[in-house]
**Student:** 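The structure under discussion is supplied below as structure tokens; questions concerning it will follow.
All values below come from the heavy atoms of this structure, side chains included, with hydrogens, waters and symmetry mates left out. These numbers come from a predicted model, not from an experiment.
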Amino acid sequence: MKANDRESRFDVLTELHLRPVSAAFNQIRYWSALDDPAAEKWDYVSHYTRTERREMGRGTGAGFNVRPLLVGALILLLLIGVGTGGYLAWPYLEGQLSALGAGAGQEIQVVTGYMVHLGSRDLGVVQDRAAVENFISSWLAQKNAQSDIVYRIAQEITYEEVRVDAAYCATPEEVESAFVKHATLDLA
């Protein structure tokens, strides 16, 4: 379009009787005075912004906006999905929730138990303290009988009396296996 380097694009368009109107999307739109000087005809009408159309007086009426309709439809679908999922999951949830409460026929039975501490470690709550004490003394006697060396337990063993539901008490075997796993022996 340029004839030489000295001639600018604006000069060429002026010679063609075209004048720049506005720049949008990196495109300059031109109004052609050659077509019909009385009626303005615009190129790239589809590229006009909403503000430019409003300034030109085109499309000044309120238009239909579909975005709020789409957002409302998505919220409605979300509510339908959550409601349907809750309805379908309710029999399972009802069984789980009733099992957690006292309504499942399980009564709370409060018992006196003993929390067994080995050093700073809690081994569990047992109802029969004497059984755990007998196991610890027999286990230590068995270790000492296996060798000529005399051992003693390095950690301090304490028993704390607690009031607890019977369902939370461990069996003596569980506490004994935890003791065997975590006990440390020293030379006496």
**Student:** Can you name the residues that form a side chain to side chain contact (heavy atoms under 4.5 Å, CB included) with V111, not counting sequence neighbours?
**Tutor:**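 Counting only residues at least two positions away or on another chain, V111 forms a side chain to side chain contact (heavy atoms under 4.5 Å, CB included) with Q109, Q127, V164, A166, C169.
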**Student:** Roughly how far, to the nearest 0.5 Å, is NE2 of H182 from CD of Q155?
**Tutor:**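 The distance works out to 10.0 Å.
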**Student:** Is T158 close to E160 at the side-chain level, that is, under 4.5 Å between some pair of heavy atoms?
**Tutor:** no
**Student:** Do V180 and F135 touch side chain to side chain, with heavy atoms closer than 4.5 Å?
**Tutor:** yes
**Student:** List in chain and number order the residues that pass salt bridge (charged side-chain N to carboxylate O under 4.0 Å, His left out) with E133, two or more places apart in sequence or in another chain; answer none if no residue qualifies.
**Tutor:**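 Scan of E133 (salt bridge (charged side-chain N to carboxylate O under 4.0 Å, His left out), adjacent residues dropped) gives R129.
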**Student:** Are any side-chain N or O atoms of N65 and backbone N or O atoms of R67, one a donor and one an acceptor, separated by less than 3.5 Å?
**Tutor:**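 Here the side-chain-to-backbone pair exists.
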**Student:** Name every donor-acceptor pair, under 3.5 Å, that has one atom in a side chain of residues 80-91 and the other anywhere in the protein, sequence neighbours excluded.
**Tutor:**
residue	atom	partner	partner atom	Å
T84	OG1	I80	O	2.8

**Student:** What about L78 and L70, same hydrophobic cluster or not, with Ile/Leu/Val/Met/Phe/Trp/Tyr joined at side-chain heavy-atom distances under 4.5 Å?
**Tutor:**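 As far as the 4.5 Å side-chain criterion goes, L70 and L78 are not connected within one cluster.
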**Student:** With sequence neighbours excluded, what pairs up with L79 under the side chain to side chain contact (heavy atoms under 4.5 Å, CB included) test?
**Tutor:**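 L79 satisfies side chain to side chain contact (heavy atoms under 4.5 Å, CB included) with I75 once adjacent residues are dropped.
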**Student:** If you compare all heavy atoms of G113 against all heavy atoms of V125, which two are closest, and at what distance to 0.1 Å?
**Tutor:**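 Closest heavy-atom pair between G113 and V125: CA-CG1, 4.1 Å.
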**Student:** Rounded to the nearest 0.5 Å, what separates atom NZ in K143 from atom OG in S138?
**Tutor:** 12.0 Å
**Student:** Short question: side chain of N144, backbone of Y151 - any donor-acceptor pair under 3.5 Å?
**Tutor:**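 Here the side-chain-to-backbone pair exists.
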**Student:** Under 4.5 Å between any side-chain heavy atoms of I136 and I157, yes or no?
**Tutor:** yes
**Student:** Drop me the distance from L118's CG to E156's CD, to the nearest 0.5 angstrom.
**Tutor:**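 Output value for this atom pair is 10.0 Å.
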**Student:** Could I get the full list of ring-ring contact (aromatic ring centres under 6.0 Å, His included) partners for F179, not counting sequence neighbours?
**Tutor:**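 Counting only residues at least two positions away or on another chain, F179 forms a ring-ring contact (aromatic ring centres under 6.0 Å, His included) with W139.
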**Student:** Report yes if some heavy atom in the side chain of V132 is under 4.5 Å from a heavy atom in the side chain of Y159; otherwise report no.
**Tutor:**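 The answer is yes, as the side chains (C-beta and beyond) meet within the 4.5 Å cut-off.
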**Student:** Minimum heavy-atom separation for S137 to N134, with atom names?
**Tutor:** OG-O, 3.0 Å
**Student:** Is L74 reachable from V66 through a run of I, L, V, M, F, W or Y residues, each pair having side-chain heavy atoms under 4.5 Å apart?
**Tutor:**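 Result: no, two separate clusters.
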**Student:** Establish whether Y114 and V162 are linked, either directly or via other cluster members, by ILVMFWY side-chain heavy-atom contacts under 4.5 Å.
**Tutor:**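 No, because Y114 and V162 fall into different hydrophobic clusters, even though each may have its own neighbours under 4.5 Å.
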**Student:** Heavy atoms, side chains only, cut-off 4.5 Å: are V126 and V116 in contact?
**Tutor:** yes
**Student:** Could you work out, with side chain to side chain contact (heavy atoms under 4.5 Å, CB included) as the rule, every residue matching T112, not counting sequence neighbours?
**Tutor:**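 Per chain and number, T112 pairs via side chain to side chain contact (heavy atoms under 4.5 Å, CB included) with E161, R163.
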